[in-house]
Amino acid sequence: MKALVFTDKQKLEYQSMPMPVIKEQELLVKVSGAGICGSDMHAYHGFDSRRIPPLILGHEISGTIENSDQSVIVNPLVTCGSCYECKNEIDHLCQSSSFIGMSKPIERHGGFAEYVSVPKKNLHYINQTNILSTLSLTEPTAVSLHAIELAKKHSIKQLNESKIIIIGGGAIGLLTGLILNSIGIVNYTIIDTNKKRLDVCKKASGCQIYFPDDHKVKKNSYDLVFDAVGLEKTRKQSIECVKQGGTIIHIGLSQPAGEFDFRKTTLQEIIFIGSSRYTDQDFKKSINIIEDNKLGDLNWLDFRSLSDGSNAFREIHDGSTASPKIILTP
């Protein structure tokens with residue numbers, strides 16, 4: 001089969017690879033679409049110790065069961081199913097979990113290939129074959145949905161009463177906004193340093209858009225902040241923007257450490273929550289969100305051939321692409 005293989009820092013090669021070895025309780029999926037995630041870019045830049053080359057990246061996957069017409073969406077989070085977390089619907093926190101498209105703790109090659117082997121329990125069967133490639137958007141939608149569910153649960157104010165800012169106009173930031181739209185919340189702001197992305201976010205969601213240093217982005221003003229980037233500087237802006245008693249939902253994983261204003265966090269009782277992946281229930285809900293067209297017009301998606309994947313990664317790296325999400329198709 002053909003695959004886009006991560007071979008070294010900032011190096012991807014489109015090459016022939018052996019067909020996946022199907023293990024017990026797994027099925028072979030013929031890939032229809034696989035989205036490029038920010039964590040794939042993190043690996044591409046050499047910053048992810050969990051993704052070691054040579055490796056086939058890609059975990060936002062839709063496709064069909066080989067030798068079948070059955071369409072499926074892949075939940076890439078492989079959990080044990082027997083621990084406390086798995087039995088109490090917080091399976092995303094399973095300490096024995098592994099992930100498709102990662103090297104550790106178990107090497108599982110990902111979906112930037114013609115075929116991928118997937119545990120049967122991680123397959124969600126669907127009927128809408130006409131939007132199969134688009135449904136590879138399920139995984140990042142679930143990430144955004146999970147962040148919003150955390151905000152609902154922990155914020156002092158109701159979402160419809162909150163002044164909201166989203167830091168980052170990539171796929172997670174935009175999807176967070178589009179999910180808010182779907183529940184009737186349209187008064188929020190997205191900030192980003194990339195003008196092209198901001199324009200796409202504005203067109204797709206109708207939200208307010210600004211650069212991070214715009215004077216209209218006020219300090220101590222927001223009840224709810226979603227940091228969909230996760231850099232030291234975006235965490236700094238999160239704590240600067242949030243008002244007393246407000247909530248920061250930290251989704252991004254770009255930078256693991258750095259300075260943070262714990263004094264304000266303590267004195268103003270800021271709620272700071274890490275948002276990690278999604279539960280299986282979040283994933284199922286996200287499939288329904290896309291199938292029911294609740295995200296609106298998805299013409300901001302950019303579909304590219306898998307053979308052109310290296311160029312797609314390079315365009316994301318240098319900021320020349322306007323689309324918040326590129327989906328690779330074999």
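For the numbers below, each heavy atom of this structure counts, side chains included, while hydrogens, waters and symmetry mates do not.
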Are any of the side-chain heavy atoms of Leu295 and Leu298 separated by less than 4.5 Å?
yes
Hey, is NZ on Lys264 packed in by over 12 heavy atoms from elsewhere, all under 6.0 Å?
yes
Could you walk me through whether Ser307 and Lys2 pass the side chain to side chain donor-acceptor pair (under 3.5 Å) test, one step at a time?
CA-CA 9 Å; Ser307 60; Lys2 291 294 187 179; over 6 Å; no
Could you label the plane-to-plane angle of the Tyr278 and Phe283 rings as parallel, tilted or perpendicular, counting under 30° as parallel and over 60° as perpendicular?
tilted
Under 3.5 Å: donor-acceptor pair, side chain of Glu315, backbone of Thr321
no
Say whether Tyr14 and Asp308, considering side chains only, have a donor N or O and an acceptor N or O under 3.5 Å apart.
no
Over all heavy atoms of both residues, which pair between Ile172 and Ser144 is shortest? Give the atoms and the distance, please.
O-OG, 3.0 Å
Which residues pass the side chain to side chain donor-acceptor pair (under 3.5 Å) test with Asp223, not counting sequence neighbours?
Lys157
Over all heavy atoms of both residues, which pair between Gly169 and Ile190 is shortest? Give the atoms and the distance, please.
CA-CG2, 3.9 Å
Using a strict cut-off of less than 4.0 Å between a Lys/Arg side-chain nitrogen and an Asp/Glu carboxylate oxygen, indicate whether Lys87 and Glu85 qualify as a salt bridge.
no
Return the minimal non-hydrogen interatomic distance between Lys196 and Ser320, and the atom names on each side.
NZ-O, 3.0 Å
May I ask you to test the Lys104-Ile52 pair for a side-chain heavy-atom distance under 4.5 Å?
yes
Arg314 with Asp318: basic N within carboxylate O range, under 4.0 Å:
no
On the 0 to 90° scale, with breaks at 30° and 60°, tag the Phe112-Phe313 ring pair as parallel, tilted or perpendicular.
perpendicular
Are any of the side-chain nitrogens in Arg277 or Glu139 under 4.0 Å away from the carboxylate oxygens of its partner?
no
Are the charged groups of Lys120 and Glu24 less than 4.0 angstrom apart, N to O?
no
Using modelled atom types only, decide if a donor and an acceptor are shared between the side chain of Asp8 and the backbone of Lys11 within a distance under 3.5 Å.
no
Non-hydrogen atoms of Gly258 and Arg235 that approach each other most closely
N-NH2, 4.4 Å
Residues, nucleotides or ligands: over 12 heavy atoms within 6.0 Å of Tyr125 OH:
yes
Do Leu12 and Tyr44 come within less than 4.5 Å of each other through their side chains, counting heavy atoms only?
yes
Flag, side chain of Ser136 to backbone of Ile61, donor-acceptor distance under 3.5 Å:
no
Would you call Lys152-Glu149 a salt bridge at under 4.0 Å N-O?
yes
Establish whether Leu175 and Leu135 are linked, either directly or via other cluster members, by ILVMFWY side-chain heavy-atom contacts under 4.5 Å.
yes
Does the Asp40 side chain pair with the main chain of Ile36, one donor and one acceptor, at a distance under 3.5 Å?
no
Between His42 and Phe47, is the gap from one ring center to the other below 6.0 Å?
yes
For atom CG of Asp292, is the number of surrounding heavy atoms from other residues, nucleotides or ligands below 6.0 Å larger than 12?
yes
Would you say Thr141 and Ser286 are linked by a side-chain donor-acceptor pair, where the criterion is simply a distance under 3.5 Å?
no
Using the ring-ring contact (aromatic ring centres under 6.0 Å, His included) rule, pick out the option among His59, His92, His109 that qualifies with Phe99.
His59
Below 4.0 angstrom, N of the basic side chain to O of the carboxylate: do Arg304 and Asp302 qualify?
yes
Kindly work out whether a path of hydrophobic side-chain contacts (I/L/V/M/F/W/Y, heavy atoms less than 4.5 Å apart) joins Ile100 to Ile56.
no
Indicate yes or no: at least one non-hydrogen side-chain atom of Asn75 is less than 4.5 angstrom from one of His124.
yes
Closest non-hydrogen atoms of Ser323 and Arg197, given as atom of the first, atom of the second and distance, are O-NE, 4.3 Å
Under 3.5 Å, is there a donor-acceptor pair between the Lys163 and Ser221 side chains?
no
Any chance the side chains of Thr234 and Asp227 put a donor and an acceptor closer than 3.5 Å?
yes
Gln10 (side chain) donor-acceptor with His45 (main chain) under 3.5 angstrom
no
Is there a donor-acceptor pair closer than 3.5 Å between any side-chain N or O of Asn288 and the backbone N or O of Lys285?
no
pair Lys236-Glu240: side-chain heavy atoms closer than 4.5 Å:
yes
Please write out which residues are connected to Ile191 in a hydrophobic cluster, directly or through intermediates, given that two of Ile, Leu, Val, Met, Phe, Trp, Tyr count as joined at side-chain heavy-atom separations below 4.5 angstrom.
Ile165, Ile167, Tyr210, Val217, Tyr222, Val225, Val229, Leu231, Ile239, Val242, Ile248, Phe260, Phe262, Ile270, Phe272
Checking the side chain of Glu232 only, and the main-chain atoms of Pro256 only, is there a donor and an acceptor separated by less than 3.5 Å?
no
Backbone N/O of Asp261 and side chain of Thr265: donor-acceptor pair under 3.5 Å:
yes
Distance only, no hydrogens: is a donor on one side chain within 3.5 Å (strictly under) of an acceptor on the other, for Arg108 and Ser98?
yes
Heavy-atom count around Lys203 NZ within 6.0 Å, excluding the residue itself: above 12?
no
Validation row: Leu145, Val143 side chains within 4.5 angstrom (heavy atoms)
no
Apply side-chain contact (heavy atoms from CB on, under 4.5 Å) to the pair Ile316 and Ile326, showing each step before the final yes or no.
CA-CA 9 Å; Ile316 297 171; Ile326 295 177; 3.9 Å; yes
Is there a donor in the side chain of Asn187 and an acceptor in the side chain of Gln208, or the other way round, less than 3.5 Å apart?
yes
Could you check if a side-chain atom of Ile164 sits within less than 4.5 angstrom of a side-chain atom of Thr189, using non-hydrogen atoms only?
no
Check whether any side-chain N or O of Glu26 sits under 3.5 Å from a backbone N or O of Lys23 as a donor-acceptor pair, and report yes or no.
yes
On a heavy-atom basis, which atom in Lys202 and which in Cys207 lie closest, and how many Å separate them?
CD-O, 2.9 Å
So, does Gln95 use its side chain to make a donor-acceptor pair with the main chain of Leu93 at under 3.5 Å?
yes
Contacts of Ala43 meeting side-chain contact (heavy atoms from CB on, under 4.5 Å) (sequence neighbours excluded), chain-then-number -> Phe6, Asp48, Arg51, Leu57
In terms of heavy-atom contacts, does CD of Glu269 have more than 12 from other residues, nucleotides or ligands at under 6.0 Å?
no
